[in-house]
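As a basis for the values below, the full set of heavy atoms in this structure was taken, side chains included, without hydrogen atoms, waters or symmetry mates. Note that the structure is predicted; figures quoted are calculated from it, not measured. Nothing fancy with the numbering, it's 1 onward along the sequence.
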Amino acid sequence: MILFPLRVEDAEVDRLPAVSIGIAAACAAAFLLTWVVPRNPDGMRGDTFREIVRYYQEHPYLTVQPTFLSDYLRPEARATLEGMHEETPVTVDEATRSLEQTHLDALIGDFAAAAEAAPLRRFGLIPARGLLQPGWLTHMFLHFGWMHIVGNLFFFYLVGPLLEDLWGRGFFAAFYLAGGLMAALAHFGIDPRSTVLMAGASGAIAACMGAFTYRCANRKIRMAYMIGLLRRGTFLIPAWLWGGFWFAGEVFSLATHQTGGVAVMAHVGGFLFGFAAATLIEKSGYEARSLAPSVQEETTWTQHPGIETARAALERGDNPGAAQAYRTVLAEQPLDREAAVALSRIEEDPAHAIPLLQNLATRGDLARAWLVALELGPAFDPDRVPDKLAYQLAGATEAASDAGDLPNLLDAAIGRRRGPLAAKALLRAAKRCFAAGRSEEGQAYLAAARALPDLAPQMLAQIEAAAGGRDGAAAAPAAGPAGAVRVLACKLVQLAEDALHVELSPGKTRRVEFNRLVGVAAGVVSNAEGSAILTDFVLSWGGSGETPSALRIPGPQLGLASIFPGLPSREAYSRFLAHVLARIAGNPLPSREALAAGEYPRFASIAALNAAFYGSARR
């Protein structure tokens, strides 16, 4: 089983985490200069090392310098090399042995010189060097390989910016450096004479994790799991549990000596320091007394003086002066709402408000984005709104309840530009028109969608399905001749014991009780990709001048894989229909027996299906 964190749920910061970005950038730059660019970054990868080992294997009676064994080899490699030693053969005289020893010493000397000049050994931390070495500071920005730096920076991304947002930039920068130093001291304390090189930001990041575990104990961490290749998913746990499990794992590795060459004591020491520091600054009142007010002063919004200048100019009727003042505001505060809206209205150009709208849409605040769009009035020109933003706005139907026809105008503008979102936008506009009873306008949108170049088969099928589903209803008079039916396409959200829960449009759901259905129909219709099964849940067979009406759910919109996990699609559909048939008293089509046996009629088009199922009233 694999378990790893994805993100801190609902994590937002009030301003750019400049220190966190700077730390990450420093780590990236140091990695580039000390690992990526150098050919032999740690001094251990040159041909000289292999030559030493090869030469010693050929002359195992020579003496390897103790400093080479202790300074550059791990205990396992050291034991292997020492185990190779043999007595000097009688065939080797002293003069020959002396020359061979000189050659081995020269190889070791060359290797040591190259190793000590390597960037990582110069700036990494080696406890045996003592207290006077730059590595105490620089080691926390160095890394051994891509996995090392990516893993460390991902954990830093989870917790660093949030702590910086809580404590302020200056204090957080000092805390990070202190955490890295305390982690290094913990590592130094268990073996001050160690000659093993230590590098990495994980000690400082462990301090951040310790502080986060206490200070943000109730924040939720989104965890992902994977069991083999078959089961995967996510779940939420509190930060205190996440941090506690991580710390327990590090302590276990340290206690069982399963460190794998990782400076685990630095992780343990860093975490304990961070946890203790966060506890102390909160319990002492320092955070509430000093840190929080300082952060609030920096992040609390204050009105730009240019706003008053612009307002005064508007009162005088000086639109050019007001526009210049608003430009000054936007140059420093590009997301200022008043300046963005007012300047756009003065110049009848929505470009000044686009950054604000994009920011709101990215944050998911589409309701406020629509309020800004409506404030722009005539300046909000759909043809000048970027496709992605226009698509997001037009899709927020609930947020745009007062927007009138603007959602359709936005979708139409996307369609005219013929970009990647054009077909989806035009199809959505058509469905919106059909729902409002404007069938001719909806068919015009579908025609525009069909005319787009390079349509994917799946999209073409959706367009034809929308057209076919409406053709019968649009063409049939109120008397209800063959094939006339009002169809509402939807998606199954939940299959309950007594009802269906369907999604009629994004965010709009409806509960349909089985006892309100007068029938169910299922048939297979040919499309551009081959065929698809359609399931109609009949609300009315019509009569008295009314046409029949039904909810229609295409096969892919049933979500059977999640309702009946592991079952083949045909068997899952059979179970689904059995559930429905057992709960309705109406007339199944083509018949209850046929549906129960899995016999579904095939039709050349949706119009043919409509004619077969709804060609005459059924009671």
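P17 pairs by the side-chain contact (heavy atoms from CB on, under 4.5 Å) definition with V13, S20, I21, P161, E164, not counting sequence neighbours. Not counting sequence neighbours, the partners of R368 by the salt bridge (Lys or Arg N to Asp or Glu O under 4.0 Å) test are D365. The side-chain contact (heavy atoms from CB on, under 4.5 Å) test applied to L153 returns A24, C27, I149, not counting sequence neighbours. With sequence neighbours excluded, the residues satisfying side-chain contact (heavy atoms from CB on, under 4.5 Å) with A594 are P590, S591, E599. Legend: residues meeting side chain to side chain donor-acceptor pair (under 3.5 Å) with R384, ordered by chain and number and at least two apart, are D349. Residues forming a ring pair (Phe, Tyr, Trp, His ring centres under 6.0 Å) with Y391 (at least two apart in sequence, or on another chain): none.
Relative ring orientation between F613 and F603 is described as perpendicular, the plane-to-plane angle rising above 60° on a 0-90° scale split at 30° and 60°. Note: Y573 and F576 have tilted aromatic rings, judged against thresholds of 30 and 60 degrees for the angle between ring planes. The aromatic rings of F247 and F271 sit parallel, their planes meeting at an angle under 30°, below the 60° perpendicular limit.
The structure places NE2 of H352 at 10.5 Å from CG of L376, a figure rounded to the nearest 0.5 Å.
A side chain to side chain contact (heavy atoms under 4.5 Å, CB included) with P588 is found for exactly one of V520, V580, V538, L577, namely V520.
Taking the six-membered ring for Trp and the full ring otherwise, the centers of W146 and F31 sit less than 6.0 Å from each other.
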